[in-house]
Novice: 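Take a look at the following structure, please.
Hydrogens, waters and symmetry mates are skipped; everything else that's a heavy atom, side chains included, is used. Residue numbers start at 1 and run along the sequence shown.
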Amino acid sequence: MCSGTVANRNKLWFTELSDKMKSTKTHLYWCMKNCTGNADDLHVMIMNISRHYQRKLLSDPAAIRALEGALTRTSIYRYAAHYCRSRDTYWIESFNHQLLTYLSKRVHFGDDTFVIRMNLAVLDWNENVQRAATSHRVYLNAPEARPSSTISVVQGDEEEEGSNDDGFFVPGLEDGDFVDDDDDDNDDADDIVEDEM
């Protein structure tokens with residue numbers, strides 16, 4: 001439906017749907033999460049995915065039929081009663097990751113040590129679960145990468161617009177710090193390269 005050979009374009013797959021696979025998957029997860037445990041609501045929400053794309057993104061009737069057919073063939077749509085009580089495994093996976101900091105798979109622990117390390121992992125997990133982020137990100141704006149440039153500080157998840165796209169990450173610097181671009185040590189290296197040429 002989203003990709004295929006040139007000979008099958010607009011027959012088995014459609015260019016209008018070529019960029020919709022990832023967002024359709026996201027929509028399906030959203031439908032399972034928000035259907036309030038009702039299989040009929042899940043059916044309606046899944047079919048709304050097609051209507052959502054028809055607003056501005058889909059105009060070819062064959063592509064719309066192909067998308068609706070693909071949605072109705074998913075196991076989520078066919079067995080909606082099994083998927084309407086969607087469960088998220090994020091917390092389990094996060095806790096298992098926390099366990100690995102205390103209980104490495106590569107090390108064999110005795111019974112007493114294992115129990116102590118397991119309890120420490122549980123205590124650490126309970127202490128830090130759902131706490132606010134405390135990490136700081138510092139970005140150096142690329143167009144101003146000379147000695148007069150200033151640093152913008154971003155805390156936690158609050159990022160300035162475009163900070164990931166047009167900046168360098170500089171650890172340990174705070175807002176207003178200057179970056180010295182003149183390295184006297186590198187001048188000697190440049191002289192050596194010029195002498196060899």
Novice: For the residue pair I46 and Y77, what are the closest heavy atoms and their distance?
Specialist: CG2-CD1, 3.9 Å
Novice: Determine whether a donor-acceptor pair (N or O, by modelled atom type, separation under 3.5 Å) exists between the side chain of T26 and the backbone of K22.
Specialist: yes
Novice: Starting from M47, can I reach L42 by hopping between I/L/V/M/F/W/Y residues whose side chains sit under 4.5 Å apart?
Specialist: yes
Novice: With rounding to the nearest 0.5 Å, note down the distance linking OG1 in T36 to CG in D41.
Specialist: 5.0 Å
Novice: Checking H52 now: which residues fulfil side chain to side chain contact (heavy atoms under 4.5 Å, CB included) with it, not counting sequence neighbours?
Specialist: H27, R55
Novice: Tell me whether R78 contacts the main-chain N or O of R73 through its side chain, where contact means a donor paired with an acceptor under 3.5 Å.
Specialist: yes
Novice: Is the side chain of D124 donor-acceptor paired with the backbone N or O of L120 at a distance under 3.5 Å, no angle test?
Specialist: no
Novice: Would the number of heavy atoms belonging to other residues, nucleotides or ligands and lying under 6.0 Å from CG of N128 be above 12?
Specialist: yes
Novice: Determine whether more than 12 heavy atoms belonging to other residues, nucleotides or ligands lie under 6.0 Å from atom OH of Y29.
Specialist: no
Novice: Is the backbone N or O of M21 less than 3.5 Å from a side-chain atom of K25, with the two atoms forming a donor-acceptor pair by type?
Specialist: no
Novice: Atom CH2 in W30, atom CD1 in I49: separation rounded to 0.5 Å?
Specialist: 9.0 Å
Novice: Can you measure from CZ (R106) to CG (L100) and round to the nearest 0.5 angstrom?
Specialist: 11.0 Å
Novice: Is the side chain of R85 donor-acceptor paired with the backbone N or O of G37 at a distance under 3.5 Å, no angle test?
Specialist: no
Novice: We want to know whether S50 and Q54 form a side-chain donor-acceptor pair, criterion being a heavy-atom distance below 3.5 angstrom.
Specialist: yes
Novice: Examine distances only and state if a side-chain atom of T113 and a backbone atom of G110 form a donor-acceptor pair shorter than 3.5 Å.
Specialist: no
Novice: First locate atom OG1 of T101, then atom CZ of R117, and finally report the distance between them rounded to the nearest 0.5 Å.
Specialist: 9.5 Å
Novice: Which atoms form the tightest heavy-atom contact between F95 and A121, and what is the distance?
Specialist: CE1-O, 4.4 Å
Novice: Backbone N or O of V122 within a donor-acceptor pair of the Q98 side chain at under 3.5 Å?
Specialist: no
Novice: Might you point out which heavy atoms bring C35 and C84 nearest each other, and give the distance in Å?
Specialist: SG-O, 3.2 Å
Novice: Between H43 (side chain only) and A80 (backbone N and O only), is there a donor and an acceptor less than 3.5 Å apart?
Specialist: no
Novice: Within a radius of less than 6.0 Å around CG of D19, do more than 12 heavy atoms belonging to other residues, nucleotides or ligands occur?
Specialist: yes
Novice: I'd like to check L58 versus L17 (side-chain heavy atoms, cut-off strictly below 4.5 Å). Are they in contact?
Specialist: yes
Novice: Return the CH2 to CG distance between W91 and N96, rounded to the nearest 0.5 Å.
Specialist: 13.5 Å
Novice: What's the shortest heavy-atom distance between F109 and F114, and which atoms?
Specialist: CB-N, 4.0 Å
Novice: Give a yes or no on this: more than 12 heavy atoms of other residues, nucleotides or ligands lie within 6.0 Å of atom OH of Y79.
Specialist: no
